[in-house]
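What follows is a short report on a single structure.
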Amino acid sequence: MDVDADDVIQSVSTGRMPPAPQVDDILQQAYERAERHHEGRVADYIPVLAAADPDAFGVCVAGVDGVRHSIGDTGVRFSIQSISKAFVYALVVEQLGHQRVLDVVGVNNTGLAFNSVVAIELNDGHPMNPMVNAGAIATTALMPGRSAEAQWEAVREGLSRFAGRRLELDAEVYRSESDSNQRNRAIAQLLQSYGRIDRDPADVVDVYTRQCALSVDAADLAVMAATLADGGVNPVSGERVVSQDVCRDTLAVLAANGLYERSGEWLFEIGLPGKSGVAGGLVTIAPGKVGVGTYAPRLDSAGNSVRGQIATAYLSRALGLNIFASAPQARTPAIDQPTAPMITDAEGLTS
Ligand code: GLU
């Protein structure tokens, strides 16, 4: 990954954001650096996604104070795709608790593709984590609701609370993916055969396909991310969506698994939990500070937005967001000195 961010202003977490005009300047620089990149390919395995404008690019930073900073195409709508997995996971943990979801779905990286069937077989039917399709389908199956329709409404309503507005289904994406999601249907059937889902697998995949087809823009993603950065309270609407503990669990899962097989590389370069989707969206969460939402549909070979990663890498460094970056704290001379009692008098050598 070309992070292209050597001459940035600061590189360690400050505990708070710089003043708004400085954030705007940094956002502009992040955008310009990423905009120079034209590599990557728009996803086409869901046929309708291939129609996206490859040059569309928007970045939005939403603070936990509710202030948004936007640049570029932050109002262009696209399907949320895999990014929904993060928020449905949070909703399910909120309802069922940390342990139950840990037992059923798990949190470990599979090291295999997001839609791998082999990963299920290698792990005795355990989905391993909620950011791969098997784990996400198992998570959606846990969503409360007597019927598939009720589950879908709970998903839509929950994700809408994260965004602070009612999210709509992109019917064209839903149809296109429904016509081409044989692999996800196979995954759901396999999970059922292992007793990992106890609902009709076709219904579960249908709800999952709809959740992936929810229509968002980069500004929505930034607010959704900012809600996870703000201990579960949407900083724009003021509504509590999930608990602080659920945010912590969700961010840990994203840090380990959010960027497909490049999750380790992402954490190494950017140092923040994030989640990408094949339509070109990317969310990143700086706990206690900001959520970042980007949209740029050209993807790297792992399925992550190229420009989104480059812009976010710059923001992470320039805004001092990397959760692993520290600097020694300033010490007063008194603290620098050893505080143990002097031992010049030891063993009666003096006086
Ligand atoms: N709906 C897509 C699938 O299940 C999501 C893929 C993604 O964004 O990674 O294949």
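Counting convention: from 1, in listed order, for ligands and their atoms alike.
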- request: Collect the protein residues that have a non-hydrogen atom under 4.0 Å from ligand 1 and hand them over in chain and number order.
  value: Y45, Q81, S82, F114, N133, E177, N184, Y208, C212, Y260, G277, V278
Other residues, nucleotides and ligands only: do more than 12 of their heavy atoms fall within 6.0 Å of [atom1] on [X]?
X    : atom1 : answer
R196 : CZ    : yes
D198 : CG    : no
R240 : CZ    : yes
E153 : CD    : yes

message: Side-chain heavy atoms under 4.5 Å apart, restricted to Ile/Leu/Val/Met/Phe/Trp/Tyr: what other residues fall into the cluster of L299, or is it alone?
response: Y45, I46, V48, L49, F114, V173, Y260, V278
- line: When L254, T312, N304 are each screened for side chain to side chain contact (heavy atoms under 4.5 Å, CB included) with W266, the one that passes is T312
